[in-house]
Amino acid sequence: MSNKVYEITISGRVQGVGFRPFIYNLAKNYDIKGFVTNDAKGVFIIAVANQNTLDAFYKQIVIQKPQSSKITSSHKKEISTTEFFYDFYIKPTAPHLFIDIPLTPDFAICEHCAAEILDAENPRYYYPFTTCTACGPRYAITKKFPFERENTSIDEFVMCESCSKEYKTSHDIRFHSQTNSCPNCGIRLKFTNNSGEIISESNTEIFKIIAKKLSLGKIIALKNTAGYLLICDATNEETVKELRVRKRRPTKPFAVLFNDVKTIGNYLYLNNLERTILSSTEAPIVILSIKNPLNLAVNQIAPNMETIGTMIPNSGTLKLVTKNFNKPIIATSANFHGSPICCSEKDVTKNLKEVADYFLHNSLNVLHPQDDSVMKFSEKFLKKIILRRSRGFAPNLLEIGKINSNKKILCFGSDLKNTISILPNSNCYVSEYIGDLANYDTYLRFEKTIENYTRIFNFEPQVLLFDAHPKYVSSRFAEIFVHDEKKVHFQKIQHHKAHFAAILGEKNLWKSDGKILGIIWDGIGYGEDDKIWGGEFFDYHENAINRIGHLEYYPWILGDKMSKNPKISALSISNSNPTFKEYFDDNEWSVYSKAIQSPKMETSSMGRLFDAGGFVLGFQQTISFEGEAAMYLEKIAQKQYSTNQKTFVDYLEDENLSNNIIPIKLLFDNIISCQQSGIQAGEIALNFHYTLIKCIEKIAVNNKIHTLAFSGGVFQNALLVDLIIEFLSKNFAVHFHEILSPNDENISFGQLNYYLNIKN
């Protein structure tokens, strides 16, 4: 059988994952001639062999592909060429490509590299930056694409003779590994006190010192491959309490770092799905229920909670810390509450010298600092809920596929839980979690992220999309951007319509035949009637979104103060019910009551309704982090649900909601009545959730809609998700976010989808 020449193209996450060396070795096994190279679309192959060999080779590419790779498309076609190939080789990437591929995210350290750094006979013993083609930092160190060493910050470290030999040896795990380094040529560590005095620069010594300092109750700022973390002994209650004081984080839960998944099982419940996610290349934080607190300082780790965010080491640095300390460790972003994660020695020592007692620095330049990603699973149906999408996942949306547009688009997102989205080619990129733009340092990170993206993709936007809220920082920045770039088109998009568009886009529902009901519940968003929206019902059909219902409006008073103090929400919704008078002084009662009677603004916020419900049922302090009161309400309701209660009560059973308005004042009065009659708080909380489910059902039935799509921060509530699946999925198709977070992180993606699909 005569030889043929085929051109093969592979697209997806195929750069920076060892794909070219994999193809090289596979081609050698089949005695194929030709070459493999990176190109603008991914990986490009010229393969010369007989037909049967080529078919077998092509089939095995998909079957044997590297673990960290994700193929979205592959094509082969026969071509004619006068070029003759004597062998198979890896061809250097052509310069100045217009890149149309996913960016490669950071990968957790693999088992092989982790074993090497713990092997006293290995040259990489205690070298925490040991990586191979399957693991290590990628996006965090990327200057531009394609992913070649010279396009990353690790290029500052020239490979020694030994590393170069590994790089050129086809059977080595570091064959063409762009992040390859070792103690002789690689990244340096430096352990200092908070005055900058160097204590040690010896790898083997440093991690033993860290273990000793942790055992003495010290707090350490440690530079990981995506930014600094603050770590301390998770079994020392006084130390964790001190970290809260220094970090200005009164009650928001901390994540806990364990040495391995087996150790986690001693403390927390976890199933096979959670075990797999924790051990994945993304290595996110996973929220788990406490089984046996043992020696953990649980009251300080997660006050008033029955769950803990858990993680295992995602880098060599963390692996060596846990191995030496051998106890659970607090691992939280190195920042003050509300500020972005620190990534440089200069910034961390300037900002956190009063927080950390000691610092572990390294000489790797982190270009894209990222927080750890966070997720959880609902208890009954194990539905995945992304709470923060960052390291390991951002900025790609491989599961969603290509988005066709002939325009280059930049979306600015929301002010809370900000992300940006760009469409510079046929791939859509949603940035890592940036944070709340009210914080000036976070705003600077927001600007820097836009700058980074425009540089990486040589990207000049033709369309700018931003939130319709006139006072959003992101919106004002966008308008300045418009003024500076006079040729760009811009469009304001209503917040909750962007949420709805985000779930429609994620689930590819734009071309659905029937109507879709969007249930968009969150804290606040500027409405088209100049009111504060937050408990919304929309329908989508034939490229149009219409608001068809919402929570009954109630007074919005005192601005941000209302969102931070649940008793104000309770007072407002109840129309100054005398029951709550004891919680206010005389002046507050007088001023607030008058404001409620003549409100300057009204709201339909579901978030504030959850706050009010939490207050009535026991959460009677101010909120120190977003969603705290709602999390309390979910907790006590979940406990009741877990007892397998069979009888549910709809507190609005007699209301048919024919006007698509949920009468929350009546609902709230019923909650107060139940509480005053002695019904347990957990039972009331569960029935409150159930009542909302029945409201969704009534509105869907009244409007003859059979497909439901959910978005907004309220749907981070795992119990609410389980109840929707239990009571609505039999008669309705239900859609939840699983790739993006339901919270405001998805707004930028929603803005893009709204612009591309909705008729204006």
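These numbers come from a predicted model, not from an experiment.
Residues I596 and Y554 have side chains not in contact (no heavy-atom distance under 4.5 Å, counting atoms from C-beta outward). Side-chain contact between L397 and L740 is present, with at least one heavy-atom pair separated by less than 4.5 Å. The closest side-chain heavy-atom distance from D436 to K417 is below 4.5 Å.
Residue H499 comes nearest to N746 through the heavy atom pair ND1-OD1, 3.0 Å, listed as atom of the first residue, atom of the second, then distance.
Under the 30°/60° scheme for interplanar angles, the aromatic rings of W533 and H496 are found to be tilted. Between Y526 and H469, the ring-plane angle classifies as tilted under the 30° and 60° cut-offs.
For an aromatic pair to be called close, the ring centres must be under 6.0 Å apart, and F610 with F688 satisfies this. Aromatic ring centres of F584 and Y592 lie closer together than 6.0 Å. For W521 and F710, the gap between ring centers reaches or exceeds 6.0 Å. Two rings, from Y472 and F412, have their centers 6.0 Å or more apart.
No more than 12 heavy atoms of other residues, nucleotides or ligands sit less than 6.0 Å from atom CZ of R248. Summarising the local packing, CG of N304 is surrounded by 12 or fewer heavy atoms from other residues, nucleotides or ligands at distances under 6.0 Å.
N406 CG to S426 OG: the interatomic distance, rounded to the nearest 0.5 Å, is 13.0 Å.
Side-chain contact check for S339 and N439: at least one donor-acceptor pair (N or O, by modelled atom type) lies under 3.5 Å. Side-chain atoms of D744 and N418 form no donor-acceptor pair, as typed in the model, at a separation below 3.5 Å. A donor atom on one side chain and an acceptor atom on the other are not found under 3.5 Å apart for N425 and K408.
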